[in-house]
Amino acid sequence: MAAKKKSKKSKKSKQSPIVLFLLVGVIALGGYYMLTGNDPLGLFVETETIAPTVVGQIETPLALPSTPVPQVDTTVQGDWWEVYFADWQNKNDPENYAGTIEEEIIKKIDAAQESIHIASFEFNLTPVADALIRAHERGVDIRWVTDDEHGLEADEEPGHGQFEMLMDEGIEVRDDGRSALMHNKFWIFDREIVWTGSTNITENGIFDQDNNVIVVRSPALAEIYEREFDEMWNGEFGPRSPSTVEQQSVVVDGTQIQVLFAAEDEAMDYILPYLANAQSSIRFMAFSFTYDNMEDVITDRFENGVDVAGVFEKLGSSTEYSELGDMYCSKMKVRRDGNGGFLHHKVVIVDERIVITGSLNFSDNANDSNDENVIIVDNSDIAALYLEEFERVWAVANDVEPGKFDCP
């Protein structure tokens with residue numbers, strides 16, 4: 001035992017001059033750094049490690065667009081968001097709207113004090129019209145932009161007439177007057193609350209379909225939507241309307257929110273990088289999914305180990321234009337909706353924290369021609385609710401029938 005101790009002590013004594021030499025060297029370099037600010041060995045300046053951006057094997061390299069400078073909304077604290085889903089399985093009686101999206105929007109209308117500005121595609125709910133008329137009578141500024149064919153022209157059909165009710169009371173309604181769609185579904189209350197998502201304010205939208213609503217209390221976010229509303233109110237629609245995409249990002253209580261408007265913002269150019277950078281999972285629910293580049297990006301992530309699952313609306317998903325066949329043949333987990341009405345969602349959830357939703361279907365027409373809005377929210381609590389909705393939709397959806405697609 002004594003010999004071993006002596007050997008260890010001897011080894012330590014031999015290393016002491018080396019340690020002393022290194023210590024003197026570090027002290028000398030430290031003095032040089034203090035005097036000159038130079039650090040030739042990188043011992044004193046902390047370097048930033050930048051994780052590589054994963055974009056996969058995309059034919060055309062896909063870079064994240066320049067990040068807009070966010071408008072930080074410091075006035076919003078606490079419970080600043082709400083999320084609602086249509087429940088056609090349990091709440092499917094238009095005569096009884098208690099506990100439904102219709103009840104929630106009537107509450108917002110009845111609480112409004114100054115203004116309600118609406119860009120909404122379709123409308124046929126008389127109780128909502130009645131609530132808007134009540135608000136108008138107490139002095140609230142109410143204005144509505146809608147689609148020509150599916151809005152004001154459809155108002156003359158049986159079961160409609162709610163726009164006429166509003167206009168008879170002096171509430172102004174304008175349409176887009178063009179062949180492409182004014183397909184938005186957003187409401188702005190008192191320049192403070194934004195209501196958006198996939199839900200048309202119709203019987204079908206609330207009582208027969210799968211739909212979602214997200215409500216955000218943020219004056220900064222409301223201002224972004226007000227700017228878009230003003231453009232349409234003044235007759236600026238489609239790809240020729242001005243884009244302010246670099247001013248359409250806010251932070252609300254620590255949550256980053258990005259807003260996109262089609263067609264002027266070329267929304268898909270901003271959406272695809274979120275998908276290309278998915279690390280663990282992608283979930284989607286799609287009324288219409290025919291956008292080839294989006295399918296390419298999702299397929300790339302799937303081939304690189306990302307867990308992908310999605311539900312398509314059954315109407316149109318068997319056509320040659322739908323991405324269902326390609327995804328099915330690539331062995332992704334895909335199903336077709338089991339709802340008796342429509343799966344009307346336009347939702348993607350990335351890595352269990354990023355929610356992409358709004359009025360934009362995943363199609364060329366939606367991206368290039370229509371008036372649409374998309375909201376992208378980076379919040380795991382909100383994402384958890386959308387994932388619950390995905391699981392509900394998935395559970396009643398149907399597997400693709402074997403042999404339906406001729407896979408190579």
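Side-chain atoms are counted along with the backbone in the values below, which use heavy atoms only and exclude waters and symmetry mates. The structure displayed is predicted, hence computed values, not measured ones.
Listed for the Glu153 side chain is no donor-acceptor partner under 3.5 Å among the backbone atoms of Gly151. At distances below 3.5 Å, at least one donor-acceptor pair connects side-chain atoms of Arg138 with backbone N or O atoms of Ala112. Judged by distance alone, the side chain of Asn367 and the main-chain N or O of Ala267 form a donor-acceptor pair under 3.5 Å. When atom types are taken as modelled, the side chain of Asp300 and the backbone of Ala276 share no donor-acceptor pair closer than 3.5 angstrom. Although no hydrogens or angles enter the test, the distance criterion places no donor-acceptor pair under 3.5 Å between the side chain of His136 and the main chain of Ile171. Side-chain atoms of Asp378 never come within 3.5 Å of backbone atoms of Gln256 as a donor-acceptor pair (strictly under, hydrogens ignored). Proximity of a side-chain donor or acceptor of Asn200 to a complementary backbone N or O of Gly205 within less than 3.5 Å is not detected. Side chain of Arg178 to backbone of Asp148: no donor-acceptor contact under 3.5 angstrom is found. Using a distance-only test at 3.5 Å, with no hydrogens or angles considered, no donor-acceptor pair links the side chain of Asn379 to the main chain of Thr255.
No side-chain donor from either of Ser288 and Glu313 sits under 3.5 Å from a side-chain acceptor of the other. Side-chain contact, Ser280 with Asp351: a donor N or O sits under 3.5 Å from an acceptor N or O. Side-chain N/O atoms of Asp87 and Asn90 include a donor and acceptor closer than 3.5 Å. Using a 3.5 Å distance cut-off with no hydrogens or angles, the side chains of Asp265 and Ser243 do pair a donor with an acceptor. A donor-acceptor contact closer than 3.5 angstrom links the side chains of Asn212 and Tyr386. Donor-acceptor pairing under 3.5 Å is lacking for the side chains of Glu228 and Asn184.
Counting only residues at least two apart or in different chains, ring pair (Phe, Tyr, Trp, His ring centres under 6.0 Å) contacts with residues 203-248 comprise His117-Phe229, Phe186-Tyr225, Tyr225-Phe261, Phe229-Trp233. Annotation: ring pair (Phe, Tyr, Trp, His ring centres under 6.0 Å) contacts involving residues 154-181, sequence neighbours excluded, comprise Phe123-Phe163, Trp144-Phe163. Among pairs with a residue in residues 251-321, none fulfils disulfide bond (SG atoms under 2.5 Å apart), at least two apart in sequence or across chains.
Val311 is listed as a side-chain neighbour of Phe390, based on a closest heavy-atom distance under 4.5 Å. Residues Phe362 and Met268 meet the side-chain proximity criterion, which asks for heavy atoms closer than 4.5 Å. Residues Glu192 and Pro219 are in side-chain contact: their nearest non-hydrogen atoms beyond the backbone lie under 4.5 Å apart. At least one side-chain heavy atom of Val128 sits less than 4.5 Å from a side-chain heavy atom of Glu102. Proximity of Asp307 to Arg283: side-chain heavy atoms (C-beta onward) are separated by under 4.5 Å at one or more points. In this structure, Met285 and Asp210 have side chains that are not in contact, with every pair of non-hydrogen atoms separated by 4.5 Å or more. For the pair Met294/Glu323, no side-chain contact is recorded, criterion being any heavy-atom separation below 4.5 Å from C-beta on. Between Leu360 and Lys346 there is no side-chain heavy-atom pair separated by less than 4.5 Å.
Exactly one of Val194, Asp253, Asp381, Val215 qualifies for a side-chain contact (heavy atoms from CB on, under 4.5 Å) with Trp81. That residue is Asp381.
Note on ring orientation: taking the six-membered ring where Trp is involved, the planes of His183 and His344 are perpendicular (angle over 60°, cut-offs 30° and 60°).
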task: Give the C-alpha distance, both sets of side-chain angles, the deciding distance and a yes or no for salt bridge (Lys or Arg N to Asp or Glu O under 4.0 Å) between Glu103 and Lys91.
output: CA-CA 12 Å; Glu103 181 181 44; Lys91 303 287 184 180; over 6 Å; no
query: Could you walk me through whether Glu114 and Arg191 pass the salt bridge (Lys or Arg N to Asp or Glu O under 4.0 Å) check?
result: CA-CA 8 Å; Glu114 297 179 3; Arg191 307 185 80 93; over 6 Å; no
Verdict with reasoning, Glu137 to Arg134, per salt bridge (Lys or Arg N to Asp or Glu O under 4.0 Å): CA-CA 5 Å; Glu137 290 174 345; Arg134 291 195 300 271; over 6 Å; no
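Annotation for Glu172: atom CD counts as buried by contact number, over 12 foreign heavy atoms lying within 6.0 Å. The environment of OH in Tyr321 is sparse: at most 12 heavy-atom neighbours from other residues, nucleotides or ligands sit within 6.0 Å.
Atom OG of Ser322 and atom CE of Met327 lie 9.0 Å apart (nearest 0.5 Å). Here the OG-CG distance, from Ser281 to Leu387, works out to 7.0 Å after rounding to the nearest 0.5 Å.
Taking the six-membered ring for Trp, Phe284 and Phe312 have ring centres closer than 6.0 Å.
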